[in-house]
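Everything below concerns the one structure shown next.
As the structure is a computational prediction, the values presented were derived from the model and not from experiment.
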Amino acid sequence: NKVHKNEPTLHREDGKNREDALLALAQASEKNQWKFALFGFGWEKHPFLSQYASGQIDNKKMVELYQKAKIVFNPAWSNDETPKPQCKLRHFEVAGTGSFQLTNANKELSQLFEENKEICFYNNNDDLVTKIQYYLDNEQEREAIAKQGYYKAIQEHTLDNRAEQLFTTLKQKYHLQTIKTVKQVHIKQIFIKNYQQLKFELVQLKIDNNLHTYQAIHFLCGKLNVERVEYTALIHLLNDPKINLIAVRSFIESNDSSENWMQPSTEEIDGCFIKEAFLWHEIPQQLKPCIKNSLIYLENKTQNFLLSNFIVKPKSVIKFVDAFIKQNPSELLDLNPIYSGVQSNHLIFSKNASDSISNTESQSLLYLKLLSNYLTRSRHQSKIAVYGALGLMAENTLEYIFTHLPNNLSAIIDNGMAGKILNGYTIQSHQALDTIKPDIIIIAASVSGPEIYESLKLTRAKFLLLPLYDIKHPIWDIITL
(Lines give C-alpha, C1' and ligand atoms only; values in the text may rest on other atoms or scores of the structure.)
Protein backbone atom coordinates (compact mmCIF):
# COMPACT_ATOMS: atom_id res chain seq x y z
CA ASN A 1 0.00 0.00 0.00
CA LYS A 2 1.65 3.23 -1.16
CA VAL A 3 -1.00 5.70 0.01
CA HIS A 4 0.57 8.32 2.29
CA LYS A 5 -0.19 7.58 5.94
CA ASN A 6 -1.07 11.19 6.71
CA GLU A 7 -2.55 12.37 3.41
CA PRO A 8 -4.75 10.05 1.27
CA THR A 9 -4.31 12.24 -1.83
CA LEU A 10 -0.55 11.60 -1.90
CA HIS A 11 1.15 8.38 -3.00
CA ARG A 12 4.64 6.95 -3.14
CA GLU A 13 6.15 5.92 -6.50
CA ASP A 14 3.48 4.20 -8.60
CA GLY A 15 0.93 4.17 -5.76
CA LYS A 16 -1.81 6.14 -7.53
CA ASN A 17 -1.72 4.00 -10.69
CA ARG A 18 -1.73 0.86 -8.58
CA GLU A 19 -4.53 2.09 -6.32
CA ASP A 20 -6.77 3.12 -9.26
CA ALA A 21 -6.38 -0.29 -10.91
CA LEU A 22 -7.05 -2.15 -7.66
CA LEU A 23 -10.13 -0.05 -6.89
CA ALA A 24 -11.51 -0.83 -10.36
CA LEU A 25 -10.77 -4.50 -9.79
CA ALA A 26 -12.35 -4.50 -6.32
CA GLN A 27 -15.51 -2.80 -7.64
CA ALA A 28 -15.81 -5.32 -10.48
CA SER A 29 -15.19 -8.21 -8.06
CA GLU A 30 -18.02 -7.03 -5.83
CA LYS A 31 -20.36 -6.63 -8.79
CA ASN A 32 -19.49 -9.99 -10.41
CA GLN A 33 -18.90 -11.91 -7.16
CA TRP A 34 -15.30 -12.70 -8.00
CA LYS A 35 -13.16 -13.88 -5.11
CA PHE A 36 -10.52 -11.15 -4.80
CA ALA A 37 -7.65 -11.19 -2.28
CA LEU A 38 -4.91 -8.59 -1.88
CA PHE A 39 -1.57 -9.55 -0.33
CA GLY A 40 1.32 -7.37 0.81
CA PHE A 41 2.38 -4.71 3.25
CA GLY A 42 -0.01 -2.06 4.56
CA TRP A 43 -3.26 -2.89 2.75
CA GLU A 44 -5.10 -3.38 6.04
CA LYS A 45 -4.75 0.41 6.53
CA HIS A 46 -6.29 1.39 3.18
CA PRO A 47 -9.66 3.19 3.60
CA PHE A 48 -11.47 0.90 1.14
CA LEU A 49 -9.20 -1.94 0.01
CA SER A 50 -8.61 -3.03 3.61
CA GLN A 51 -11.60 -5.38 3.30
CA TYR A 52 -9.60 -7.40 0.74
CA ALA A 53 -6.29 -7.28 2.66
CA SER A 54 -4.97 -10.75 3.37
CA GLY A 55 -1.66 -9.94 5.06
CA GLN A 56 1.98 -10.35 4.19
CA ILE A 57 3.24 -13.72 3.01
CA ASP A 58 6.63 -15.38 2.73
CA ASN A 59 8.03 -16.82 -0.51
CA LYS A 60 6.72 -20.33 0.07
CA LYS A 61 3.17 -19.11 0.67
CA MET A 62 3.46 -16.77 -2.32
CA VAL A 63 4.16 -19.70 -4.65
CA GLU A 64 1.21 -21.65 -3.22
CA LEU A 65 -1.16 -18.70 -3.75
CA TYR A 66 0.04 -18.08 -7.31
CA GLN A 67 -0.69 -21.69 -8.18
CA LYS A 68 -4.15 -21.65 -6.57
CA ALA A 69 -5.27 -18.40 -8.22
CA LYS A 70 -7.11 -18.42 -11.55
CA ILE A 71 -5.64 -15.00 -12.36
CA VAL A 72 -2.63 -13.25 -10.84
CA PHE A 73 -3.05 -9.51 -11.32
CA ASN A 74 0.52 -8.26 -11.63
CA PRO A 75 0.87 -4.58 -12.69
CA ALA A 76 4.14 -2.63 -12.67
CA TRP A 77 4.93 1.03 -13.36
CA SER A 78 7.96 3.16 -12.59
CA ASN A 79 6.03 6.08 -11.04
CA ASP A 80 2.83 8.13 -11.16
CA GLU A 81 4.15 11.36 -12.63
CA THR A 82 5.38 9.89 -15.93
CA PRO A 83 4.11 6.30 -15.75
CA LYS A 84 6.42 3.93 -17.57
CA PRO A 85 5.89 0.14 -17.57
CA GLN A 86 8.60 -1.80 -15.75
CA CYS A 87 9.75 -5.40 -15.89
CA LYS A 88 9.78 -6.78 -12.35
CA LEU A 89 11.21 -9.99 -10.93
CA ARG A 90 7.67 -11.08 -10.06
CA HIS A 91 6.73 -11.23 -13.78
CA PHE A 92 9.14 -14.13 -14.08
CA GLU A 93 8.22 -15.61 -10.69
CA VAL A 94 4.54 -15.84 -11.63
CA ALA A 95 5.36 -17.46 -14.96
CA GLY A 96 7.76 -19.81 -13.19
CA THR A 97 4.94 -21.16 -11.01
CA GLY A 98 2.80 -21.99 -14.03
CA SER A 99 0.22 -19.33 -13.19
CA PHE A 100 -1.79 -17.07 -15.49
CA GLN A 101 -0.83 -13.42 -15.12
CA LEU A 102 -2.43 -10.22 -16.33
CA THR A 103 -0.26 -7.10 -16.35
CA ASN A 104 -0.28 -3.60 -17.82
CA ALA A 105 0.89 -3.25 -21.44
CA ASN A 106 4.68 -3.49 -21.50
CA LYS A 107 6.70 -3.38 -24.72
CA GLU A 108 9.85 -4.79 -23.15
CA LEU A 109 8.02 -7.65 -21.46
CA SER A 110 6.23 -8.51 -24.72
CA GLN A 111 9.66 -9.24 -26.22
CA LEU A 112 10.27 -11.82 -23.50
CA PHE A 113 6.82 -13.44 -23.36
CA GLU A 114 4.49 -13.63 -26.36
CA GLU A 115 1.26 -11.71 -25.83
CA ASN A 116 -1.94 -13.80 -25.57
CA LYS A 117 0.11 -17.00 -25.83
CA GLU A 118 2.39 -16.79 -22.76
CA ILE A 119 1.22 -13.64 -20.98
CA CYS A 120 -1.70 -11.18 -21.19
CA PHE A 121 -1.69 -7.38 -21.11
CA TYR A 122 -4.39 -4.76 -20.50
CA ASN A 123 -4.40 -1.14 -21.71
CA ASN A 124 -6.60 0.63 -19.15
CA ASN A 125 -8.83 -0.21 -16.19
CA ASP A 126 -11.93 -0.86 -18.33
CA ASP A 127 -9.85 -3.24 -20.46
CA LEU A 128 -8.59 -4.87 -17.26
CA VAL A 129 -12.10 -5.72 -16.07
CA THR A 130 -13.15 -6.94 -19.53
CA LYS A 131 -10.16 -9.28 -19.81
CA ILE A 132 -10.61 -10.70 -16.34
CA GLN A 133 -14.20 -11.63 -17.21
CA TYR A 134 -13.09 -13.12 -20.52
CA TYR A 135 -10.35 -15.32 -19.05
CA LEU A 136 -12.53 -16.46 -16.16
CA ASP A 137 -15.09 -17.57 -18.74
CA ASN A 138 -12.49 -19.27 -21.00
CA GLU A 139 -10.71 -21.67 -18.71
CA GLN A 140 -8.94 -23.79 -21.35
CA GLU A 141 -7.45 -20.75 -23.07
CA ARG A 142 -6.38 -19.31 -19.72
CA GLU A 143 -4.68 -22.52 -18.62
CA ALA A 144 -2.96 -22.94 -22.00
CA ILE A 145 -1.44 -19.43 -21.70
CA ALA A 146 -0.28 -20.17 -18.16
CA LYS A 147 1.35 -23.42 -19.29
CA GLN A 148 3.14 -21.80 -22.24
CA GLY A 149 4.32 -18.96 -19.98
CA TYR A 150 5.76 -21.57 -17.64
CA TYR A 151 7.65 -23.33 -20.44
CA LYS A 152 9.10 -20.03 -21.65
CA ALA A 153 10.17 -19.09 -18.11
CA ILE A 154 12.04 -22.33 -17.39
CA GLN A 155 13.57 -22.50 -20.88
CA GLU A 156 14.82 -18.92 -21.17
CA HIS A 157 14.40 -16.94 -17.96
CA THR A 158 15.96 -18.88 -15.09
CA LEU A 159 19.08 -17.44 -13.48
CA ASP A 160 21.16 -20.22 -15.10
CA ASN A 161 19.72 -19.41 -18.54
CA ARG A 162 20.41 -15.71 -18.16
CA ALA A 163 23.94 -16.22 -16.80
CA GLU A 164 24.77 -18.58 -19.70
CA GLN A 165 23.38 -16.04 -22.18
CA LEU A 166 25.42 -13.26 -20.58
CA PHE A 167 28.73 -15.14 -20.77
CA THR A 168 28.04 -16.43 -24.28
CA THR A 169 27.44 -12.86 -25.43
CA LEU A 170 30.65 -11.67 -23.73
CA LYS A 171 32.62 -14.50 -25.32
CA GLN A 172 31.32 -13.62 -28.79
CA LYS A 173 31.71 -9.85 -28.36
CA TYR A 174 35.28 -9.96 -27.06
CA HIS A 175 36.40 -13.13 -28.92
CA LEU A 176 37.34 -14.92 -25.71
CA GLN A 177 38.93 -18.33 -26.22
CA THR A 178 38.28 -19.59 -22.69
CA ILE A 179 36.22 -18.50 -19.71
CA LYS A 180 37.68 -19.36 -16.33
CA THR A 181 35.25 -21.35 -14.19
CA VAL A 182 35.25 -21.75 -10.42
CA LYS A 183 34.66 -25.18 -8.97
CA GLN A 184 31.79 -25.51 -6.56
CA VAL A 185 32.86 -25.91 -2.95
CA HIS A 186 31.79 -29.01 -1.05
CA ILE A 187 31.06 -28.06 2.57
CA LYS A 188 29.03 -29.99 5.11
CA GLN A 189 26.64 -27.67 6.93
CA ILE A 190 25.44 -28.78 10.36
CA PHE A 191 22.51 -26.91 11.93
CA ILE A 192 22.27 -26.98 15.72
CA LYS A 193 20.33 -24.96 18.31
CA ASN A 194 22.20 -25.47 21.59
CA TYR A 195 25.21 -26.96 23.36
CA GLN A 196 23.40 -30.24 23.93
CA GLN A 197 23.05 -30.76 20.19
CA LEU A 198 26.69 -29.80 19.74
CA LYS A 199 27.72 -32.58 22.14
CA PHE A 200 25.57 -35.01 20.19
CA GLU A 201 27.18 -33.92 16.91
CA LEU A 202 30.63 -34.47 18.40
CA VAL A 203 29.75 -38.12 19.01
CA GLN A 204 28.42 -38.46 15.46
CA LEU A 205 31.50 -36.83 13.94
CA LYS A 206 33.78 -39.32 15.68
CA ILE A 207 32.06 -42.23 13.89
CA ASP A 208 31.41 -40.51 10.55
CA ASN A 209 33.46 -42.29 7.88
CA ASN A 210 32.49 -39.82 5.15
CA LEU A 211 33.97 -36.64 6.64
CA HIS A 212 37.02 -36.87 4.38
CA THR A 213 34.75 -36.40 1.33
CA TYR A 214 34.04 -32.77 2.38
CA GLN A 215 36.39 -29.82 2.02
CA ALA A 216 35.21 -28.43 5.34
CA ILE A 217 32.47 -28.43 7.98
CA HIS A 218 30.46 -25.35 8.95
CA PHE A 219 28.24 -25.21 12.05
CA LEU A 220 25.26 -22.83 11.85
CA CYS A 221 23.89 -22.44 15.31
CA GLY A 222 21.21 -20.70 17.34
CA LYS A 223 17.55 -19.75 17.13
CA LEU A 224 17.90 -17.87 13.88
CA ASN A 225 17.16 -18.01 10.19
CA VAL A 226 20.00 -18.36 7.73
CA GLU A 227 19.41 -15.61 5.17
CA ARG A 228 22.55 -16.33 3.19
CA VAL A 229 25.90 -18.13 3.48
CA GLU A 230 28.58 -17.47 0.86
CA TYR A 231 31.79 -19.48 0.48
CA THR A 232 33.03 -18.32 -2.95
CA ALA A 233 35.52 -15.78 -1.59
CA LEU A 234 37.09 -18.51 0.56
CA ILE A 235 37.93 -21.00 -2.21
CA HIS A 236 41.69 -20.33 -2.16
CA LEU A 237 41.75 -20.88 1.62
CA LEU A 238 39.61 -24.01 1.43
CA ASN A 239 41.97 -25.49 -1.16
CA ASP A 240 45.09 -24.81 0.93
CA PRO A 241 45.99 -28.09 2.73
CA LYS A 242 48.10 -26.24 5.34
CA ILE A 243 45.05 -24.36 6.71
CA ASN A 244 43.04 -26.11 9.42
CA LEU A 245 40.55 -23.45 10.38
CA ILE A 246 39.12 -20.42 8.56
CA ALA A 247 37.53 -17.60 10.54
CA VAL A 248 34.85 -15.47 8.84
CA ARG A 249 32.47 -12.67 9.81
CA SER A 250 28.71 -12.64 10.28
CA PHE A 251 26.10 -9.96 9.84
CA ILE A 252 23.43 -10.67 12.45
CA GLU A 253 20.16 -8.79 12.66
CA SER A 254 16.77 -8.86 14.30
CA ASN A 255 13.79 -8.02 12.09
CA ASP A 256 11.47 -7.37 15.05
CA SER A 257 11.75 -3.60 14.64
CA SER A 258 10.75 -3.60 10.95
CA GLU A 259 7.26 -2.57 9.91
CA ASN A 260 7.55 -4.51 6.67
CA TRP A 261 9.21 -7.74 7.76
CA MET A 262 9.48 -9.06 4.19
CA GLN A 263 11.34 -5.97 2.92
CA PRO A 264 12.76 -3.92 5.79
CA SER A 265 14.12 -0.56 4.70
CA THR A 266 17.77 0.22 5.35
CA GLU A 267 17.10 2.49 8.32
CA GLU A 268 14.99 -0.22 10.00
CA ILE A 269 17.70 -2.88 9.95
CA ASP A 270 18.76 -3.57 13.51
CA GLY A 271 21.99 -5.50 13.12
CA CYS A 272 25.75 -5.59 13.43
CA PHE A 273 28.84 -7.32 12.09
CA ILE A 274 30.47 -9.86 14.35
CA LYS A 275 34.17 -10.15 13.57
CA GLU A 276 36.32 -13.30 13.74
CA ALA A 277 37.27 -12.34 17.31
CA PHE A 278 34.83 -9.87 18.85
CA LEU A 279 34.42 -7.82 22.03
CA TRP A 280 31.10 -7.34 23.76
CA HIS A 281 31.33 -3.53 23.71
CA GLU A 282 31.28 -3.73 19.88
CA ILE A 283 27.79 -5.29 19.95
CA PRO A 284 24.73 -2.96 20.07
CA GLN A 285 23.04 -3.10 23.45
CA GLN A 286 19.69 -4.28 22.05
CA LEU A 287 21.30 -7.30 20.33
CA LYS A 288 23.39 -8.57 23.25
CA PRO A 289 20.52 -10.55 24.86
CA CYS A 290 19.81 -12.33 21.56
CA ILE A 291 23.44 -13.28 21.03
CA LYS A 292 24.05 -14.36 24.62
CA ASN A 293 20.82 -16.33 24.96
CA SER A 294 20.62 -18.06 21.60
CA LEU A 295 24.05 -18.40 20.00
CA ILE A 296 27.01 -20.64 20.80
CA TYR A 297 30.18 -18.74 21.50
CA LEU A 298 33.51 -19.14 23.26
CA GLU A 299 34.42 -16.42 25.72
CA ASN A 300 37.63 -15.34 27.40
CA LYS A 301 38.95 -12.14 28.99
CA THR A 302 40.32 -10.51 25.85
CA GLN A 303 38.25 -11.81 22.91
CA ASN A 304 35.23 -13.95 22.07
CA PHE A 305 34.52 -16.37 19.23
CA LEU A 306 31.22 -17.29 17.57
CA LEU A 307 30.86 -20.93 16.53
CA SER A 308 29.25 -20.05 13.19
CA ASN A 309 32.21 -17.79 12.38
CA PHE A 310 34.48 -20.78 11.75
CA ILE A 311 34.81 -23.19 8.85
CA VAL A 312 36.90 -26.16 9.87
CA LYS A 313 38.75 -28.82 7.86
CA PRO A 314 37.66 -32.43 8.57
CA LYS A 315 40.98 -33.42 10.18
CA SER A 316 40.56 -30.72 12.86
CA VAL A 317 36.82 -30.83 13.48
CA ILE A 318 36.95 -32.98 16.65
CA LYS A 319 39.40 -30.67 18.39
CA PHE A 320 37.44 -27.64 17.18
CA VAL A 321 34.09 -28.81 18.58
CA ASP A 322 35.75 -29.98 21.78
CA ALA A 323 37.12 -26.45 22.34
CA PHE A 324 33.59 -24.98 22.30
CA ILE A 325 32.13 -27.70 24.50
CA LYS A 326 34.91 -27.32 27.08
CA GLN A 327 34.98 -23.51 26.63
CA ASN A 328 38.74 -23.72 26.05
CA PRO A 329 40.02 -20.79 23.92
CA SER A 330 43.61 -22.02 23.85
CA GLU A 331 42.50 -25.30 22.24
CA LEU A 332 40.76 -23.30 19.51
CA LEU A 333 43.76 -21.01 18.94
CA ASP A 334 46.08 -24.04 18.72
CA LEU A 335 44.42 -24.73 15.35
CA ASN A 336 45.92 -21.43 14.05
CA PRO A 337 42.72 -19.99 12.56
CA ILE A 338 43.18 -17.79 9.49
CA TYR A 339 41.23 -14.53 9.85
CA SER A 340 39.79 -14.13 6.36
CA GLY A 341 38.08 -10.74 6.76
CA VAL A 342 35.23 -12.16 4.65
CA GLN A 343 31.61 -11.62 5.66
CA SER A 344 30.31 -15.11 4.90
CA ASN A 345 27.15 -15.37 7.01
CA HIS A 346 23.95 -13.30 7.01
CA LEU A 347 21.82 -14.49 9.92
CA ILE A 348 18.48 -13.22 11.21
CA PHE A 349 17.17 -13.84 14.71
CA SER A 350 13.84 -15.60 14.86
CA LYS A 351 10.97 -14.14 16.90
CA ASN A 352 11.68 -16.58 19.73
CA ALA A 353 15.29 -15.47 20.00
CA SER A 354 14.19 -11.88 20.52
CA ASP A 355 11.77 -12.64 23.36
CA SER A 356 14.31 -11.27 25.81
CA ILE A 357 13.95 -7.78 24.30
CA SER A 358 11.19 -5.67 25.82
CA ASN A 359 8.04 -5.26 23.75
CA THR A 360 8.43 -1.49 23.59
CA GLU A 361 11.97 -1.74 22.24
CA SER A 362 11.32 -4.50 19.73
CA GLN A 363 8.20 -2.94 18.26
CA SER A 364 9.38 0.65 17.91
CA LEU A 365 11.36 1.86 14.91
CA LEU A 366 14.91 2.65 15.95
CA TYR A 367 15.05 6.07 14.35
CA LEU A 368 11.75 7.12 15.95
CA LYS A 369 12.99 5.85 19.30
CA LEU A 370 16.09 8.06 19.05
CA LEU A 371 14.00 11.05 17.99
CA SER A 372 11.41 10.49 20.70
CA ASN A 373 14.08 10.14 23.41
CA TYR A 374 15.66 13.46 22.45
CA LEU A 375 12.45 15.43 21.99
CA THR A 376 10.95 14.06 25.20
CA ARG A 377 14.05 14.79 27.27
CA SER A 378 14.67 18.28 25.86
CA ARG A 379 11.16 19.58 26.67
CA HIS A 380 11.66 22.65 24.48
CA GLN A 381 9.31 24.61 22.26
CA SER A 382 11.64 24.65 19.25
CA LYS A 383 10.51 25.20 15.67
CA ILE A 384 10.82 21.93 13.79
CA ALA A 385 11.13 21.39 10.04
CA VAL A 386 10.83 17.86 8.62
CA TYR A 387 12.87 17.43 5.44
CA GLY A 388 11.14 14.69 3.46
CA ALA A 389 7.46 14.13 2.68
CA LEU A 390 7.26 10.74 0.95
CA GLY A 391 8.55 7.32 1.92
CA LEU A 392 7.89 5.31 5.06
CA MET A 393 10.53 7.15 7.10
CA ALA A 394 8.96 10.53 6.31
CA GLU A 395 5.43 9.23 6.87
CA ASN A 396 6.31 7.68 10.24
CA THR A 397 8.18 10.80 11.35
CA LEU A 398 5.37 13.13 10.35
CA GLU A 399 2.82 10.88 12.05
CA TYR A 400 4.87 11.13 15.25
CA ILE A 401 5.17 14.94 14.98
CA PHE A 402 1.46 15.39 14.16
CA THR A 403 0.56 13.29 17.20
CA HIS A 404 3.04 14.53 19.79
CA LEU A 405 4.36 17.95 18.68
CA PRO A 406 1.83 19.47 16.27
CA ASN A 407 2.46 23.01 17.53
CA ASN A 408 6.21 22.73 16.95
CA LEU A 409 6.03 21.81 13.27
CA SER A 410 6.83 24.93 11.23
CA ALA A 411 7.40 23.35 7.80
CA ILE A 412 7.60 20.22 5.67
CA ILE A 413 10.39 20.41 3.09
CA ASP A 414 10.50 18.32 -0.08
CA ASN A 415 11.70 19.73 -3.42
CA GLY A 416 9.90 17.10 -5.48
CA MET A 417 6.58 17.66 -3.67
CA ALA A 418 6.75 21.45 -3.25
CA GLY A 419 3.33 23.11 -3.55
CA LYS A 420 1.33 20.01 -2.65
CA ILE A 421 -0.79 19.84 0.51
CA LEU A 422 -0.05 17.35 3.30
CA ASN A 423 -2.37 17.31 6.31
CA GLY A 424 -3.08 21.03 5.87
CA TYR A 425 0.57 22.02 5.38
CA THR A 426 1.81 23.32 2.02
CA ILE A 427 5.03 21.45 1.30
CA GLN A 428 7.95 23.89 0.86
CA SER A 429 11.13 23.76 -1.22
CA HIS A 430 14.68 23.85 0.16
CA GLN A 431 14.93 27.61 -0.39
CA ALA A 432 12.12 28.24 2.14
CA LEU A 433 14.45 27.31 5.03
CA ASP A 434 16.02 30.80 4.91
CA THR A 435 12.61 32.30 5.64
CA ILE A 436 11.35 29.65 8.08
CA LYS A 437 14.58 29.57 10.14
CA PRO A 438 13.77 26.40 12.13
CA ASP A 439 15.64 25.41 15.31
CA ILE A 440 15.69 21.73 14.31
CA ILE A 441 15.71 20.09 10.88
CA ILE A 442 14.82 16.40 10.91
CA ILE A 443 16.07 14.67 7.75
CA ALA A 444 13.49 11.94 7.15
CA ALA A 445 14.68 10.66 3.78
CA SER A 446 16.33 7.24 3.69
CA VAL A 447 17.72 7.39 0.14
CA SER A 448 18.44 11.07 -0.46
CA GLY A 449 19.26 11.76 3.21
CA PRO A 450 23.07 11.92 2.79
CA GLU A 451 22.74 14.35 -0.13
CA ILE A 452 20.37 16.58 1.87
CA TYR A 453 22.75 16.50 4.83
CA GLU A 454 25.66 17.59 2.64
CA SER A 455 23.60 20.51 1.31
CA LEU A 456 22.82 21.68 4.85
CA LYS A 457 25.90 20.88 6.92
CA LEU A 458 27.78 24.10 6.10
CA THR A 459 24.94 26.13 7.61
CA ARG A 460 24.08 23.76 10.47
CA ALA A 461 25.28 26.30 13.04
CA LYS A 462 21.89 27.93 12.49
CA PHE A 463 19.97 24.83 13.55
CA LEU A 464 20.27 21.31 14.95
CA LEU A 465 20.47 18.78 12.12
CA LEU A 466 19.09 15.30 12.94
CA PRO A 467 19.83 12.65 10.25
CA LEU A 468 17.23 9.94 10.91
CA TYR A 469 18.62 7.85 8.04
CA ASP A 470 21.87 7.34 10.00
CA ILE A 471 21.17 6.09 13.52
CA LYS A 472 24.93 5.72 14.15
CA HIS A 473 25.72 9.36 13.40
CA PRO A 474 27.74 10.98 16.26
CA ILE A 475 25.00 13.59 16.83
CA TRP A 476 22.80 10.96 18.52
CA ASP A 477 25.48 10.26 21.13
CA ILE A 478 26.00 13.97 21.71
CA ILE A 479 22.36 14.95 22.20
CA THR A 480 21.63 11.99 24.49
CA LEU A 481 24.51 12.67 26.87
Q. Closest approach of Glu30 and Phe48, non-hydrogen atoms and distance?
A. OE1-CZ, 4.2 Å
Q.
Could you report the tightest heavy-atom contact between Cys221 and Leu295, atom names first, then the distance?
A. O-CD2, 3.5 Å
Q. Could you give the distance from CD1 (Ile291) to OH (Tyr297), rounded to the nearest 0.5 Å?
A. 9.0 Å
**Q.** Verdict with supporting geometry, Lys45 and Glu399, salt bridge (Lys or Arg N to Asp or Glu O under 4.0 Å)
**A.** CA-CA 14 Å; Lys45 297 177 182 177; Glu399 187 175 42; over 6 Å; no
Q. Given side chains that start at C-beta, do those of Tyr387 and Leu433 come closer than 4.5 Å, heavy atoms only?
A. yes
Q) Between Ile192 and Leu307, is a side-chain contact (heavy atoms from CB on, under 4.5 Å) present by the stated rule, with each step listed? A) CA-CA 11 Å; Ile192 57 174; Leu307 178 65; 3.8 Å; yes
Q: Please tell me if the side chains of Leu466 and Ile479 come closer than 4.5 Å, counting only heavy atoms from C-beta onward.
A: yes
Q: Apply the test side-chain contact (heavy atoms from CB on, under 4.5 Å) to residues Ser344 and Val229: give CA-CA distance (whole Å), side-chain angles for both, the deciding distance (0.1 Å), then the verdict.
A: CA-CA 6 Å; Ser344 179; Val229 179; 4.0 Å; yes
Q.
Would you say Thr103 and Gln101 are linked by a side-chain donor-acceptor pair, where the criterion is simply a distance under 3.5 Å?
A. no
Q. Are any non-hydrogen side-chain atoms of Leu128 and Phe73 less than 4.5 angstrom apart?
A. yes
Q.
Can you tell me if Glu108 has over 12 outside heavy atoms packed within less than 6.0 Å of its CD?
A. no
**Q.** Residues, nucleotides or ligands: over 12 heavy atoms within 6.0 Å of Leu166 CG
**A.** yes
**Q.** Residues, nucleotides or ligands: over 12 heavy atoms within 6.0 Å of Lys288 NZ
**A.** yes
Q: Compare all side-chain heavy atoms of Pro85 with those of Leu109 and state whether any distance is below 4.5 angstrom.
A: no
Q.
Ignoring hydrogens and geometry beyond distance, is a side-chain donor-acceptor pair present between His346 and Glu230 at under 3.5 Å?
A. no
Q) What's the spacing between Thr9 OG1 and Ile421 CD1 if we round to 0.5 Å? A) 8.5 Å
Q: Would you indicate whether the side-chain heavy atoms of Thr397 and Leu368 approach each other to under 4.5 Å?
A: yes
Q: State which residue, out of Glu19, Lys16, Lys2, fulfils the side-chain hydrogen bond (donor to acceptor under 3.5 Å, both in side chains) condition with His11.
A: Glu19
Q. If we ignore angles and hydrogens, is there a donor and acceptor under 3.5 Å between the side chains of His4 and Arg12?
A. no
Q: Would you indicate whether Tyr150, at its atom OH, is surrounded by more than 12 heavy atoms from other residues, nucleotides or ligands within a distance under 6.0 Å?
A: no
**Q.** Crowding at NZ, Lys152 (>12 non-hydrogen neighbours, <6.0 Å)
**A.** yes
Q. Given side chains that start at C-beta, do those of Phe273 and Glu282 come closer than 4.5 Å, heavy atoms only?
A. no
Q) What pair of heavy atoms forms the shortest contact from Asn161 to Ile154, and how long is it? A) OD1-O, 3.2 Å
Q.
Looking at Thr426, is its backbone amide N or carbonyl O close enough to the side chain of Gln428 to form a donor-acceptor pair, meaning the two atoms are under 3.5 Å apart?
A. yes
Q: Count the heavy atoms of every other residue, nucleotide or ligand shown that sit under 6.0 Å from CZ of Phe39, and state whether that count exceeds 12.
A: yes
Q. If you measure from CD1 on Ile252 to CG on Asn309, what distance do you get to the nearest 0.5 Å?
A. 7.0 Å
Q.
Can you tell me how far apart CD1 (Ile145) and CD (Glu115) are? Round to the nearest 0.5 Å.
A. 9.5 Å
Q. Within a radius of less than 6.0 Å around CD of Gln140, do more than 12 heavy atoms belonging to other residues, nucleotides or ligands occur?
A. no
Q) Distance from Leu112 atom CG to Ile119 atom CD1, nearest 0.5 Å? A) 9.0 Å
Q) So, for Leu10 and Lys420, which heavy atoms are closest and what is the spacing to 0.1 Å? A) CD2-CD, 4.0 Å
(Q) As a quick check of understanding, evaluate side-chain contact (heavy atoms from CB on, under 4.5 Å) for Thr97 and Val72, giving each step before the final call. (A) CA-CA 11 Å; Thr97 64; Val72 177; over 6 Å; no
Q: Step by step, work out the side-chain contact (heavy atoms from CB on, under 4.5 Å) result for Ile296 and Phe219.
A: CA-CA 10 Å; Ile296 295 177; Phe219 293 88; over 6 Å; no
**Q.** Taking every non-hydrogen atom, the tightest pair across Leu306 and Ser250
**A.** CD2-OG, 4.4 Å
**Q.** Polar side chain donor-acceptor pair, Asp470 to Tyr453, under 3.5 angstrom
**A.** no
Q: Could you tell me whether the side chain of Asp439 and the main chain of Leu464 form a donor-acceptor pair under 3.5 Å?
A: no
Q: Decide if atom CD of Gln51 counts as having more than 12 heavy atoms of other residues, nucleotides or ligands within a radius under 6.0 Å.
A: yes
Q | Value rounded to 0.5 Å, distance of CG in Leu347 from CD in Glu253 | A | 9.5 Å
Q | Donor-acceptor under 3.5 Å (Gln343 side chain, Arg249 main chain) | A | no
Q. Quick one: are the ring centres of Phe113 and His157 less than 6.0 Å apart?
A. yes
Q) Is there a side-chain contact between Asn373 and Lys369, using heavy atoms and a 4.5 Å cut-off? A) yes
(Q) With heavy-atom distances below 4.5 Å as the criterion, would you say the side chains of Leu392 and Lys5 are in contact? (A) yes
Q.
Is a donor from one side chain sitting under 3.5 angstrom from an acceptor on the other, for Tyr134 and Glu141?
A. yes
Q | Side-chain donor or acceptor of Asp14 paired with backbone N/O of Pro83 under 3.5 Å | A | no
Q. Which heavy-atom pair separates Ser382 from Asn408 by the least distance, and what is that distance?
A. O-ND2, 2.9 Å
Q) Are the side chain of Asn423 and the backbone N or O of Glu7 linked by a donor-acceptor pair below 3.5 Å? A) no
Q: May I ask you to decide if the ring planes of Tyr122 and Trp77 are parallel, tilted or perpendicular, using 30° and 60° as cut-offs?
A: perpendicular
(Q) Using only atom types and a distance under 3.5 Å, with no angle test, would you say the side chain of Gln86 pairs donor to acceptor with the backbone of Ala76? (A) no
Q) Does the Arg18 side chain pair with the main chain of Asn1, one donor and one acceptor, at a distance under 3.5 Å? A) no
